Each structure stands twice: as C-alpha cells, then as structure tokens.
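All of these numbers come straight from a predicted model, not from anything done at the bench.
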Amino acid sequence: MAGGVGSRFWPMSTTENPKQFIDVLGVGRSMLQLTLDRFKEVVPMENVWVVTSEKYGKMVAEQLPEIPVNHILLEPCRRNTAPCVAYVAWRIKKENPKANIVVAPSDHLVLNGKEFERVINNTLSFTAETDAIVTLGMKPTRPETGYGYIEADLSTPSARNKELFRVDSFREKPDLSTAQRYIKKPNYFWNAGIFVGSVSTFVNAFRIYQPEISQRFENLLPIYGTDQEQEMINKVYPECENISIDYAIMEKAEEIFVQPADFGWSDLGTWGSLHENSKKDIYNNVLIGENIHMFESTNCVVHTTQEKKVVVQGLDGYIIAENDDKLLICKFTEEQRIRQFSEA
C-alpha cells in the first residue's frame, strides 16, 4: 500500500513527494524500496503488487523496476485502506484465485529483516491451510498514543501454530493514560497494519462484511487486466466508502489471529520516531548527511543530505532538516504545530 499523502517529515516529505518515496534513513533507498527489499526472500518479484495514487504511479515504476508495470494499481482518489485491499484482492483473484497474500504498508521501518522473513513465512504457512486472517502485533516498548492496539487471547495458542493467538479486539489510538494501562498488560500489542491471508479469505470477508464494496469489485472481474480496467476503476472507486480495513473487516471477522513479533518495527510517523530508531552519536544526536558538524549539542536530529556543510552549536532536542529551498529548525515539542503551519 503506497498511496499515502502524508507529509509528516516536512520539509523532506510533501504531498507531492511523500514519505514512502524518500530516503528517510539516509541509506540510499527509499522507504518503498526498503519494503520491497525485505520481501525479496519471501515472494518472487513478479508476484509483487503496489496500490498507489494515480499521481504516484510513475514514481513507483521508477523506484521499483523489478516488478511488472501492470502490477502497479492506480487509485483515482483516496478511499482509505479497505477499498485498496479489496481492489488488489480481486485483481489477484483474477490471475490466481489460490494465491496467499501479505498486505503491508510501504513506509514502515523494519530493523531485523531475517526475523521479519521468518514471521511472514510462518503466517503464510498458517493462512495457506486455514480460512483465517493473521495480523502482526508488536510488543509495546512505551505508552505510544500514535498506534492502534491489538488485544489478544494468550491463554491458548492455535492448535496448528503455537505462535498464533486469537484476537479479542482491536483498540483505537488511545490517550496517554489508556496507553500506559495497555503496556502493563502482556496481551496488548501495537497494530503494525500488516495482514496475511489467502485471497479467497479476503474476498469472502468483503462479501460478508462489506457487500457494497465487494459488489463493485466483483462486477469488474471480466475487465481486470484489459485496457478498460483503469477507466472502470476511475468510475467505481469514488463510489466506495472511505473506510479502513480495520473497521471494515478486522473488527468484524471471527477468524482473526495475531502473531506477536519483535523485528525492530516502527511506522516512522514523526521525526521523534526517526530519532528513536536511528543510530546516534555519543551525544544522542542522529545525523543523516555527509557534512554535519555538531558542537555542544545533544538529543537532535539533523537530516541534511543535499551536500551542504552544516554546523550546529548549542542546541538540545531540536530537529534540523532541509530539502531544496525549505529549512526546518524546531524543538521536538513543537513538531506537530510546526508541521500543521507548514502544510497550511
């Protein structure tokens, strides 16, 4: 899923060039490319699909030349994750009705690629033999208010797979006191937004719980893969309800399991999360760029990758980021307010 327009890493990220297409970590690969990289040992590249906004289709093709161009599906408008998943599920069903699929965001961070592969392969083995959908749950390390949570029943694992447990409920992003209560309980996990299941399971779930969305994409089965596909998607997609896959399917379906996992995951939603998940110098600064010099400064993020010489002195807890003709210097505590101002 690569259609997000978030600009949470302004000025580096904007609605014209959002986070998934940017080298946020300074490693020479965008978040989208890093997502593809960690699936290379899991799935053949010819079986990778990307759903994105029509205005980002060219960028996807340029950044991911390994995947078939006709596997880049273009959304004419934003309708959240449920129509996105429905579209690709029916599109894959047309090519391979027995497919087993992983739905994953394109802009998340995974630090331990080998463990990620193991977990994904484990869940794929389970969903290939059952009618269940599996979601991945990350063990909370702090009372995070920016993530949704999964409440699991840890009393009895699945008879088929001892690492999987039934989901009791999905919880929305909590306030701080609720998040503090959650992390004290061993059966609460961060919702990573990664879902695994057979294509038939996803299609049947939409038929049962979202019949209106289901009918729209079911009716298009004869034209998938033809020259008419984009024209018809452009007509049908705006008619779909704007709803997340969590609300549409996950909170309603009965056969939902969670695999608790720990592979260094973050959705990198803020400069603060980038600081938390990046390598730091001895003064707790994260420096992304080739020519950065820090003096008497601590707890900062400096992201300057356009070959400018940057000298910082006397700052504590600041974000310094530049992109083209834009420069941001602000305290971490002012990040949300500054971003809102910059996007206005």
Side-chain angles (χ1 to χ4, degrees), residues 1-40 43 45-92 101-110 193-195 217 220 224-225 227-240 242-245 267-270 274 303 305-306 321 323-326 339 342-343:
M1 298 182 290
V5 298
S7 53
R8 291 183 288 181
F9 280 98
W10 188 90
M12 181 176 56
S13 169
T14 66
T15 54
E16 295 304 313
N17 193 27
K19 180 177 64 168
Q20 61 267 31
F21 301 110
I22 292 173
D23 179 11
V24 175
L25 302 175
V27 296
R29 300 283 282 172
S30 71
M31 300 304 294
L32 174 65
Q33 291 169 323
L34 291 174
T35 301
L36 183 71
D37 290 347
R38 60 177 167 265
F39 278 102
K40 284 184 174 178
V43 61
M45 290 298 95
E46 62 267 23
N47 288 354
V48 174
W49 297 74
V50 178
V51 186
T52 190
S53 166
E54 59 183 356
K55 67 179 178 180
Y56 303 144
K58 184 178 179 181
M59 281 196 286
V60 172
E62 289 173 349
Q63 291 199 6
L64 306 183
E66 305 96 322
I67 73 170
V69 174
N70 65 342
H71 283 198
I72 302 172
L73 306 184
L74 304 180
E75 300 172 300
C77 59
R78 297 185 68 196
R79 281 297 180 268
N80 216 314
T81 53
C84 166
V85 174
Y87 180 17
V88 75
W90 261 273
R91 186 64 183 81
I92 293 172
I101 64 177
V102 182
V103 178
S106 62
D107 57 356
H108 289 185
L109 172 68
V110 169
I194 300 172
F195 306 101
F217 291 104
L220 299 185
Y224 290 133
D227 293 340
Q228 297 175 281
E229 178 178 344
Q230 192 62 56
E231 179 185 356
M232 294 304 299
I233 286 296
N234 290 348
K235 292 180 180 179
V236 167
Y237 215 84
E239 299 173 353
C240 293
N242 189 334
I243 186 172
S244 72
I245 190 69
D267 80 345
L268 285 186
T270 64
L274 177 63
H303 197 293
T305 59
Q306 296 180 330
N323 184 47
D324 297 334
D325 60 346
K326 299 178 287 292
R339 189 171 71 244
S342 69
E343 293 171 357

- Item | All ring-ring contact (aromatic ring centres under 6.0 Å, His included) counterparts of F21, not counting sequence neighbours | Y56
- Query: Are L64 and L32 close enough that some pair of their side-chain heavy atoms sits under 4.5 Å apart?
  - Reply: yes
- Query: So, do L220 and R91 sit near enough that their side-chain heavy atoms are less than 4.5 Å apart?
  - Reply: no
- Once you round to the nearest 0.5 Å, how far does CD1 of I92 lie from CG of N47? 8.5 Å
- Message: Can you tell me how far apart OH (Y87) and OH (Y224) are? Round to the nearest 0.5 Å.
- Response: 7.0 Å
- Note on the structure: So CZ of F9 and CG of L274: to nearest 0.5 Å the spacing works out to 5.0 Å
- Note on the structure: For H71 and E46, the nearest pair of non-hydrogen atoms, with its separation, is CE1-O, 2.9 Å
- Message: With heavy-atom distances below 4.5 Å as the criterion, would you say the side chains of V85 and I245 are in contact?
- Response: yes
- Taking the side chain as every heavy atom from C-beta outward, state whether M1 and V51 have any atom pair closer than 4.5 Å. no
- Counterpart residues, salt bridge (charged side-chain N to carboxylate O under 4.0 Å, His left out), relative to R38 (two or more places apart): none
- Is atom CG of N70 surrounded by more than 12 heavy atoms (other residues, nucleotides or ligands) closer than 6.0 Å? yes
- Query: For E239, what residues pass the salt bridge (charged side-chain N to carboxylate O under 4.0 Å, His left out) criterion, not counting sequence neighbours?
  - Reply: R216
- Item | S106 side, atom OG; Q63 side, atom CD - distance, nearest 0.5 Å | 9.5 Å
- Item | Polar side chain donor-acceptor pair, S53 to E75, under 3.5 angstrom | no
- Considering all heavy atoms of both residues, which atom of P105 and which atom of I194 are nearest to each other, and what is their separation? CD-CG1, 3.9 Å
- Query: Do Q230 and N234 have side-chain atoms, one donor and one acceptor, less than 3.5 Å apart?
  - Reply: yes
- Query: Hey, does F217 have a side-chain heavy atom less than 4.5 Å from the side chain of I233?
  - Reply: yes
- Report the C-alpha distance between V102 and F39 in whole Å, list the side-chain angles of each, state the deciding distance to 0.1 Å, and finish with yes or no for side-chain contact (heavy atoms from CB on, under 4.5 Å). CA-CA 10 Å; V102 182; F39 278 102; 4.0 Å; yes
- Any chance NZ of K326 has more than 12 other-residue heavy atoms, nucleotides or ligands included, within less than 6.0 Å? yes
- Message: For L36 versus E66, what's the shortest heavy-atom pair and its separation?
- Response: CD2-OE1, 3.6 Å
- Message: For the backbone of A321 and the side chain of H303, can you confirm whether one donor and one acceptor N or O come within less than 3.5 Å of each other?
- Response: no
- Quick one: does R79's side chain have a donor or acceptor within less than 3.5 Å of a partner on N242's backbone? no
- Message: If the test is side-chain contact (heavy atoms from CB on, under 4.5 Å), which one of T35, L268, V24 qualifies with L109?
- Response: L268
- Query: Does V27 have any side-chain contact (heavy atoms from CB on, under 4.5 Å) partners at least two apart in sequence or in another chain, and if so, which?
  - Reply: D23, L25, R29, L34
- Under the ring-ring contact (aromatic ring centres under 6.0 Å, His included) test, residues paired with F195 that sit two or more places apart: none
- Item | K40 atom NZ: more than 12 heavy-atom contacts under 6.0 Å | yes
- Message: If you compare all heavy atoms of C77 against all heavy atoms of Y237, which two are closest, and at what distance to 0.1 Å?
- Response: O-CE2, 3.6 Å
- Query: Given side chains that start at C-beta, do those of L73 and T52 come closer than 4.5 Å, heavy atoms only?
  - Reply: no
- Message: Which heavy atom of I243 sits nearest to which heavy atom of N80, and what is that distance?
- Response: O-CB, 3.3 Å
- Task: Might you confirm whether atom CD of Q228 has over 12 heavy atoms from other residues, nucleotides or ligands at distances under 6.0 Å?
- Result: no
- Task: Mind checking side-chain contact (heavy atoms from CB on, under 4.5 Å) for D267 and listing every partner two or more places apart, or none if nothing turns up?
- Result: R8, H108, Y147, W265
- Contact check, side chains of M12 and K19, non-hydrogen atoms, under 4.5 Å: no
- Item | Non-hydrogen side-chain atoms of M31 and I22 separated by less than 4.5 Å | no
- How many angstroms lie between atom OG of S13 and atom CD of Q20, to the nearest 0.5 angstrom? 7.5 Å
